[in-house]
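The structure under discussion appears below in the form of structure tokens.
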Number of protein chains: 2
Amino acid sequence: MSKRPPITNRVRQLREEHGGLSQAALGDIVGVTRQTIIAIEQSRYSPSLETSFRIARHFGVGLEDVFGWEGD
Amino acid sequence: MSKRPPITNRVRQLREEHGGLSQAALGDIVGVTRQTIIAIEQSRYSPSLETSFRIARHFGVGLEDVFGWEGD
DNA sequence: GGGTGATGTCAAATATTTTGGACATTATCC
DNA sequence: GGATAATGTCCAAAATATTTGACATCACCC
């Protein structure tokens, strides 16, 4: 559960669609660091459900609009 | 991000609705231990997104059909 | 050319999740 | 009464996520 999880994400696209919000700015908003956002965008590990919810809700969308399960 | 997260879950109900699947059995199926299932059902911490996806998909439902965000 | 913002990488430290094992309780079944 | 399955608790440890700080690159602007 740590080596490139089978999860896709659209964080980067959502940032761009929302006025080019920077990784650092998004991190501040959802309460994590810039590095965490980078790691999530690069699918280096799977974030906590709480962090995932915060990101989705900030963009005003559902969890599965941000994160996808490979194998669906 | 560790003291009783603002996340609700219906794991227990889903287990019961699926033939009274035990915590241990569910754990085996999704690849975590019995203790992890207990902790999740009791909202002791927020699981990884990967574990969350595995649970939801085993029951054939979406992430937000299992986990909810308090504040929605 | 010198600033600034955004992204990325690396490594080490800290925090959180997950595990493994031992033990208690309750209910059921024989 | 003894056996077994299911849930729960506690604790220590291993594994993974997250933080912090330092540094590199690229693009843009002045």
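Numbered from 1 within each chain, the chains take letters A, B, ... in sequence-line order.
The backbone N or O of A/Ser48 lies less than 3.5 Å from a partner atom in the side chain of A/Ser52, making a donor-acceptor pair. In this structure a side-chain-to-backbone donor-acceptor pair under 3.5 Å is present from A/Asn9 to A/Ile40.
Picking from D/dT19, C/dT17, D/dG8 the nucleotide with the shortest atom distance to the side chain of B/Gln42 gives D/dG8. Side-chain proximity of A/Ile38 to the nucleotides D/dA6, C/dA6, C/dT9 is greatest for C/dT9.
For B/Arg12 and D/dG8, the shortest distance from a side-chain N or O to OP1 or OP2 is below 4.0 Å. Under 4.0 angstrom from either OP1 or OP2 of C/dT19 there lies at least one side-chain N or O belonging to B/Thr33. Put simply, B/Thr51 has no side-chain N or O that comes within less than 4.0 Å of OP1 or OP2 on C/dT17. In this structure, B/Arg15 reaches the D/dT7 phosphate: one of its side-chain N or O atoms is under 4.0 Å from OP1 or OP2. The phosphate of D/dT16 (OP1 or OP2) has no side-chain N or O of B/Ser48 nearer than 4.0 angstrom.
For the pair B/Leu49 CG and D/dT16 C1', the computed distance is 14 Å after rounding to whole Å. The CG atom of A/Leu26 sits 10 Å away from the P atom of C/dT7 (whole-angstrom rounding). The CG-P distance, from A/Asp28 to D/dT20, rounds to 11 Å in whole Å. Remark: P of C/dT18 and CZ of B/Arg44 are 12 Å apart, rounded to the nearest angstrom. Note: CD1 (A/Ile37) to C1' (D/dT20) measures 16 Å, nearest angstrom. Spacing between atom CD1 of A/Ile40 and atom C1' of D/dT16 amounts to 14 Å, rounded to whole angstrom units.
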TODO: Run the numbers on A/Tyr45 and B/Glu50 for side-chain contact (heavy atoms from CB on, under 4.5 Å), then give the verdict.
DONE: CA-CA 9 Å; A/Tyr45 50 65; B/Glu50 183 167 352; over 6 Å; no
TODO: Tell me, with the steps shown, if B/Arg57 and A/Asp72 meet salt bridge (charged side-chain N to carboxylate O under 4.0 Å, His left out).
DONE: CA-CA 9 Å; B/Arg57 289 308 190 262; A/Asp72 276 351; 2.3 Å; yes
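Contact of A/Arg34 with C/dG8 (side chain to base): a donor-acceptor pair of N or O atoms is detected under 3.5 Å. Contact annotation: side chain of A/Glu41 to base of C/dG8, donor-acceptor pair absent below 3.5 Å.
None of A/Leu49, A/Ile7, A/Leu63 except one satisfies the side-chain contact (heavy atoms from CB on, under 4.5 Å) rule with B/Phe53; the exception is A/Ile7.
Among the protein residues, B/Gln23 comes within range of the sugar-phosphate backbone only, with heavy atoms under 4.0 Å from sugar or phosphate atoms but none that close to a base. If you check every strand for non-hydrogen atoms under 4.0 Å, A/Gly31 touches sugar and phosphate atoms only.
Each of B/Gln35 and A/Ala39 was assigned the nucleotide of DNA chain D with the nearest heavy atom; the assignment lying further toward the 5' end belongs to B/Gln35.
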